[in-house]
**Student:** 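Take a look at this one; I'll ask things after.
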Amino acid sequence: MVDDIQTARELATHANDIAHLQDDMDAMKEDIKAIRKSLEDIDKTLSEARGGWKVLMMAGGAISAITAVVGFFTGRMTP
């Protein structure tokens, strides 16, 4: 009889622990979904920024080349 009561208490304790673990897992799933969404947004932003950096670098290179050519032909820059 004592063993039956002890077993029932242990089962109730385990059932309670499992319920808490399930709640924690559900919360973790929601957190992971939010993190995944955030990472997708960051990836999208970085993809857009990469194109902007390329244009900025090409514009800087073109301005540098034009400045060098103008400086060379006006005599401000000697070889």
Side-chain angles (χ1 to χ4, degrees):
M1 185 75 175
V2 174
D3 288 337
D4 291 338
I5 294 172
Q6 184 64 26
T7 302
R9 285 182 184 164
E10 287 178 6
L11 286 174
T13 302
H14 291 312
N16 190 30
D17 290 343
I18 290 171
H20 286 293
L21 288 172
Q22 186 62 45
D23 292 341
D24 291 344
M25 289 298 295
D26 291 340
M28 286 177 61
K29 283 181 184 180
E30 293 300 317
D31 289 344
I32 289 172
K33 284 180 186 177
I35 291 169
R36 189 172 286 148
K37 174 70 172 126
S38 179
L39 286 174
E40 288 171 359
D41 292 343
I42 290 170
D43 186 44
K44 181 181 175 186
T45 301
L46 288 175
S47 293
E48 293 170 357
R50 282 187 205 117
W53 278 106
K54 288 178 184 177
V55 171
L56 184 63
M57 294 301 289
M58 288 192 323
I63 291 170
S64 297
I66 291 170
T67 303
V69 169
V70 169
F72 180 75
F73 285 117
T74 59
R76 293 186 185 149
M77 192 172 140
T78 56

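The figures here come from the full heavy-atom set of this structure, side chains too, leaving out hydrogens, waters and symmetry mates.
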**Student:** Going by side-chain heavy atoms closer than 4.5 Å, which hydrophobic residues are tied to Ile18, directly or by a chain of links?
**Tutor:** none
**Student:** When you measure from the side chain of Thr7 to the backbone of Asp3, do you find a donor-acceptor pair of N or O atoms at a distance under 3.5 Å?
**Tutor:** yes
**Student:** Distance from Asp26 atom CG to Asp31 atom CG, nearest 0.5 Å?
**Tutor:**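 It is 11.0 Å, given to the nearest 0.5 Å.
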**Student:** Could you measure the distance from the CG atom of Leu46 to the NZ atom of Lys44? Nearest 0.5 Å is fine.
**Tutor:** 12.5 Å
**Student:** With clusters built from Ile, Leu, Val, Met, Phe, Trp and Tyr whose side-chain heavy atoms come within less than 4.5 Å, directly or transitively, what are the remaining members of the cluster of Leu39, listed by chain and number?
**Tutor:** Ile35
**Student:** Nearest 0.5 Å, what's the CE-CE distance between Met28 and Met25?
**Tutor:** 5.5 Å
**Student:** Under 3.5 Å, side-chain donor or acceptor atoms of residues 8-17 against the rest of the protein: list the pairs with distances, not counting sequence neighbours.
**Tutor:**
{"from": "Glu10", "atom 1": "OE2", "to": "Gln6", "atom 2": "NE2", "distance (Å)": "3.4"}
{"from": "Thr13", "atom 1": "OG1", "to": "Arg9", "atom 2": "O", "distance (Å)": "2.9"}
{"from": "Asn16", "atom 1": "OD1", "to": "His20", "atom 2": "NE2", "distance (Å)": "3.3"}

